Amino acid sequence: MIRINKNLENLKPSATLAINEKVKELRSLKSEVFHFGFGQSPFPVHESIVNGLIENASNNKYLPSQGLEELRKTIAKYLNEFQNVQTTGDNVFIGPGSKELLYQTILILEGIFLIPKGSWVSYGPQINAKGVDYVILDTTFENNFKLTPEILNNYCIENSKDQKTLILNSPNNPTGAVYSQDELQALAKVCKAHNIIVLSDEIYSQINFSSELSPSMSNYYPEKTILFGGLSKVFSAGGYRLGYMVLPKTLSYLSLTFQSLFSETFSAVSSPVQFAAIEAYKMNHSLQSYIKKASEILSAVSKYVFDQLSKSNIKCTQPQGAFYMLIDFNQYKIQLRNLKINTSNDLSHFILERYKVALLPGSDFYFDKDDLIFRLAYVDFNGEEVLNAYDLNSNIDINFIKTHCPNVFKGVEQLKSFVQQF
Ligand code: PLP
């Protein structure tokens, strides 16, 4: 038997990727499945980015580990113009997805990591892979599972010694919540008081249904906020694997450590992809309108799902951005116990097998195992077809959903029939 790093012994494939494989397997057996488990953007990559990639396909040079200077400058300009975040290209770092950049940052930082209950699946395993544990901070349904300053402050008062890093994500996966300016300001005050480092995961920044800017923690707590973003969600280019990280000026002394670690691990992101990303962050008018339309569509689909489920007595969070909402079946706990279903994992298997709906169990998002909460991703539709249909008719009603998002329609009907038995 070969011995492996004991920090990695219990590592499992990421839950989202695992459910995707399961759905693929069922679909290959010709079983109809409504895939509410995977959060990939359904829209095609905008042609200006595709052309940028094609035109640079012959570029075979390694680029600097921090990333192409023109791209870093273009991202800084984009952040200034479209996210109201002031920075310069010197403080922008390019990596193969924000996931890798988050992991490298976690590797670099010492101390305790804080994760609000209802956060992205990969933060915890990344921290565990480094050989340390993380702390889950409590959140509640009533507050849309957003972290409150009181909870953060109480934890810090009781645990005042070690350096702390909070991972905050808005717009949020899995809840769909967007933190308001006031909420971020109040959290920033506590972070300041306790000298907390914040990893602000803003990968869904432009997917905000209020058509306002998603506020960035870096505006309220610039001194210790490291911001993360990338091509995957806003530009529908997850497979391009390009993300960025912005260090605040006050932490620029960490730049050399980051660049060194990058150069010793991934070297630099693929050069054609970096050139293509310049086209993305230039945000020409057509790209701006594409992002706006995609957000309007996601907003309307989320509203449809939320209204239908709520009317059928399924408790769910009302999405304000991203691709997700949380749904809560705790009110059926006693009836489900009679069916020998005790955990969210049990119930996700039951719903997939009996109702052909793939949902991710809340236990993957730091909820207790017996808390019957699930993440529903409402992006199981053909984004290209829906964009074309939306151009002809921007009224996304039940008929639109039935015709152009049939899996969303049928999946919702299946969930309604699941609860009708109780
Ligand atoms: N952060 C959140 C909250 C996500 O949902 C994802 C992807 O699912 C990522 C980060 C990673 O994105 P990428 O590595 O594609 O930039």
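These numbers come from a predicted model, not from an experiment.
A side-chain donor-acceptor contact under 3.5 Å links Ser255 and Gln259. Ser236 and Tyr290 are linked by a side-chain donor-acceptor pair at a separation below 3.5 angstrom, with hydrogens and angles left out of the test. For the residue pair Ser216 and Gln83, no side-chain donor N or O sits within less than 3.5 Å of a side-chain acceptor on the partner. Asn208 and Ser210 share a donor-acceptor pair across their side chains, judged by distance under 3.5 Å alone. For the residue pair Lys224 and Asn195, a side-chain donor N or O sits within less than 3.5 Å of a side-chain acceptor on the partner.
Sequence neighbours left out, the pairs with a member in residues 121-140 that pass ring-ring contact (aromatic ring centres under 6.0 Å, His included) are Trp120-Tyr123, Tyr134-Tyr366. Residue pairs meeting the side-chain hydrogen bond (donor to acceptor under 3.5 Å, both in side chains) criterion with at least one member in residues 405-415, sequence neighbours excluded: Glu32-Lys410, Asp380-Asn407, Glu413-Lys416.
Side-chain atoms of Gln274 do not come within 3.5 Å of backbone N or O of Gly67 as any donor-acceptor pair. Although no hydrogens or angles enter the test, the distance criterion places no donor-acceptor pair under 3.5 Å between the side chain of Ser312 and the main chain of Ile314. Looking only at distances, no side-chain donor or acceptor of Gln163 sits under 3.5 Å from a matching main-chain atom of Gly111. Ser271 contributes a side-chain N or O that, together with a main-chain N or O of Asn59, makes up a donor-acceptor pair within less than 3.5 Å. Proximity of a side-chain donor or acceptor of Asn84 to a complementary backbone N or O of Leu213 within less than 3.5 Å is not detected.
With sequence neighbours left out, Asp90 forms a salt bridge (Lys or Arg N to Asp or Glu O under 4.0 Å) with no residue at all. Taking Asn144 as the reference, nothing meets the side-chain hydrogen bond (donor to acceptor under 3.5 Å, both in side chains) condition, with sequence neighbours excluded. By the salt bridge (Lys or Arg N to Asp or Glu O under 4.0 Å) test, Asp391 pairs with Lys293, sequence neighbours left out. With sequence neighbours left out, the salt bridge (Lys or Arg N to Asp or Glu O under 4.0 Å) criterion links Glu21 to Lys24.
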- Query: Yes or no on side chain to side chain contact (heavy atoms under 4.5 Å, CB included) for Leu227 and Tyr244, after CA distance, side-chain angles and deciding distance?
  - Reply: CA-CA 8 Å; Leu227 186 157; Tyr244 62 81; 3.8 Å; yes

- Task: Would you please test Leu147 and Leu114 for side chain to side chain contact (heavy atoms under 4.5 Å, CB included) and show each step?
- Result: CA-CA 11 Å; Leu147 177 65; Leu114 308 175; over 6 Å; no

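Ion pairing between Lys73 and Glu70 fails under the 4.0 Å rule for side-chain N and carboxylate O. Under a 4.0 Å N-O distance rule, the pair Asp307/Lys311 does not qualify as a salt bridge.
Only one option out of Thr139, Thr175, Asp138 pairs with Lys117 in a side-chain hydrogen bond (donor to acceptor under 3.5 Å, both in side chains); it is Asp138. Just one of Tyr204, Phe145, Tyr378, Phe374 meets the ring-ring contact (aromatic ring centres under 6.0 Å, His included) condition when paired with Tyr324; it is Tyr204.
Heavy atoms of other residues, nucleotides or ligands lying less than 6.0 angstrom from NZ of Lys356 number more than 12. With a 6.0 Å radius and a threshold of 12 heavy atoms from other residues, nucleotides or ligands, Arg27 has its CZ atom above the threshold. Surrounding CD of Gln181 are at most 12 heavy atoms belonging to other residues, nucleotides or ligands under 6.0 Å away.
By the 30° and 60° cut-offs, the orientation of the rings of Phe258 relative to Phe262 is perpendicular. Taking the six-membered ring where the residue is Trp, Phe418 and Tyr355 present perpendicular rings, their angle passing 60° and hence far from 30°.
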